[in-house]
Amino acid sequence: MESRLCLKELCPVCGDHVSGYHYGLLTCESCKGFFKRTVQNNKQYVCAEQQECTIDRGQRKRCPSCRFLKCLHVGMRLEAVRADRKRGGRNKFGPMYKRDRALKQQRDALIQDGGFRLDSGSSTHHRTLTFTTGFHPLPMIPSTSLPTAQPPHLCSLLPSTQYQSTSFSNWKSQHSNNGSPGPRDCKSTHILYSSRSTDTRV
DNA sequence: GTTCAAGGCCAT
DNA sequence: ATGGCCTTGAAC
Ligand SMILES: [Zn+2]
Ligand SMILES: [Zn+2]
């Protein structure tokens, strides 16, 4: 029942339970970590099939390539991964997370408020919609999750291509190497100046 | 002082 | 490499 005490949403990537907002939307803890590792270490995956692998709780480990692709397709944002690796604080998505939460919360309130529970026959009298919280009648719920966000066209999201967008997307060092699978050593090698990029954490 | 998402740690 | 849990820290 309670939407907050359980977060009954499912991860749009793998279907596992979400643990909160991560890099732009609600995802599970594992996909959060996977996305972070992938972007931070500039991992390059190659699908052994045709980029059509099923990503679910039990198979998400099987094809990192399709998993990362799906991460991007569902809207996880590269720019939410900090190139400078600074911890804590709030990024520019903070307000959006808050609004998205409010939307979901209100939607839930409507549903539980008899929104879709049409009286099972009998009384033909219209029930007065009492908004417990005193909210105004919402025009309509767009149903989509993050409407106000500006989803970059999927084209520019693909890591396989050269050009990236911004922030971490300067893609650090795509030129770092070829052949050797190890971008690694991000810990010892402090890459990049403290670039501010699009991450507006002032 | 509280939030809570972003990064770090480390046992699988 | 994965993912559960921990620490951090600007916004509120
Ligand atoms: Zn997931
Ligand atoms: Zn695949």
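Chain A is the first sequence line, chain B the second, and so forth, proteins listed ahead of strands; every chain is numbered from 1. Predicted model, so just to flag it, every value in this text is computed and none were measured.
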A.B. asks: Out of A/K32, A/K61, A/R60, A/R67, which one pairs with A/D16 under the salt bridge (Lys or Arg N to Asp or Glu O under 4.0 Å) rule?
C.D. replies: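 By the salt bridge (Lys or Arg N to Asp or Glu O under 4.0 Å) criterion, A/D16 pairs with just one of A/K32, A/K61, A/R60, A/R67: A/R60.
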A.B. asks: Could you check whether A/R67 gets within reach of a base, just the sugar-phosphate, or nothing at all, counting any heavy atom under 4.0 Å?
C.D. replies: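 It contacts sugar-phosphate atoms only.
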A.B. asks: Name the residue closer to the 5' end of DNA chain C, choosing between A/P95 and A/G33 according to the nucleotide with the nearest heavy atom.
C.D. replies: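 The residue mapped nearer the 5' terminus is A/G33.
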A.B. asks: Compare the minimum distances between each of B/dC4, C/dT2, B/dG7 and the side chain of A/R101, then state the nucleotide with the smallest one.
C.D. replies: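 Out of B/dC4, C/dT2, B/dG7, the nucleotide with an atom closest to A/R101's side chain is B/dC4.
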A.B. asks: Answer yes if the ring centres of A/Y45 and A/F34 are under 6.0 angstrom apart, and no otherwise.
C.D. replies: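 Between A/Y45 and A/F34, the centre distance is under 6.0 Å.
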A.B. asks: Of the nucleotides C/dC5, C/dG9, C/dT2, which one has an atom closest to the side chain of A/E29?
C.D. replies: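 The answer is C/dC5, which lies nearest to the side chain.
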A.B. asks: Side chains of A/T27 and A/Y21: is there a donor and an acceptor less than 3.5 Å apart?
C.D. replies: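 The criterion, which ignores hydrogens and geometry beyond distance, is not satisfied for A/Y21 and A/T27.
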A.B. asks: Contact class for A/R37 vs. all strands (heavy atom < 4.0 Å): base, sugar-phosphate, or nothing?
C.D. replies: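 A/R37: base contact, heavy atoms under 4.0 Å.
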A.B. asks: Could you tell me how far apart A/F34 (CZ) and B/dG7 (C1') are, to the nearest whole angstrom?
C.D. replies: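 Nearest whole value for this atom pair: 17 Å.
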A.B. asks: In whole Å, what is the span from the CG atom of A/D84 to the P atom of C/dG9?
C.D. replies: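 For the pair A/D84 CG and C/dG9 P, the rounded distance is 12 Å.
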A.B. asks: For the pair made of CD in A/E79 and P in B/dA6, what is the distance, rounded to whole Å?
C.D. replies: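 To the nearest whole Å, that distance equals 11 Å.
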A.B. asks: So does A/R60 get a side-chain nitrogen or oxygen closer than 4.0 Å to the phosphate oxygens (OP1/OP2) of C/dG3?
C.D. replies: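 Yes, A/R60 has a side-chain N/O under 4.0 Å of OP1/OP2 on C/dG3.
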A.B. asks: Whether A/Y97 contacts C/dC12 is assessed here as follows: a side-chain N or O lying under 4.0 Å from the phosphate OP1 or OP2. Is that the case?
C.D. replies: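 For C/dC12, neither OP1 nor OP2 has a side-chain N or O of A/Y97 closer than 4.0 Å.
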A.B. asks: Taking the side chain as everything from C-beta on, heavy atoms only, tell me whether A/E79 gets closer than 4.5 Å to A/N91.
C.D. replies: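 No, side chains not in contact.
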A.B. asks: Once hydrogens and angles are ignored, does a donor-acceptor distance under 3.5 Å link the base of B/dG8 to the side chain of A/K36?
C.D. replies: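 It does, because a donor-acceptor pair links the side chain of A/K36 to the base of B/dG8 below 3.5 Å.
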A.B. asks: Verify the contact: side-chain N or O of A/K86 to OP1 or OP2 of B/dG7, cut-off strictly under 4.0 Å; return yes or no.
C.D. replies: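 False: A/K86 side-chain N/O out of range (4.0 Å or more) of B/dG7 OP1/OP2.
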A.B. asks: If you take atom types as modelled and just measure distance, does the side chain of A/K32 reach the base of B/dG7 with a donor-acceptor pair under 3.5 Å?
C.D. replies: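 Pair found.
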A.B. asks: Donor-acceptor pair under 3.5 Å: do we get one between A/R90's side chain and the base of B/dC4?
C.D. replies: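 It does, because a donor-acceptor pair links the side chain of A/R90 to the base of B/dC4 below 3.5 Å.
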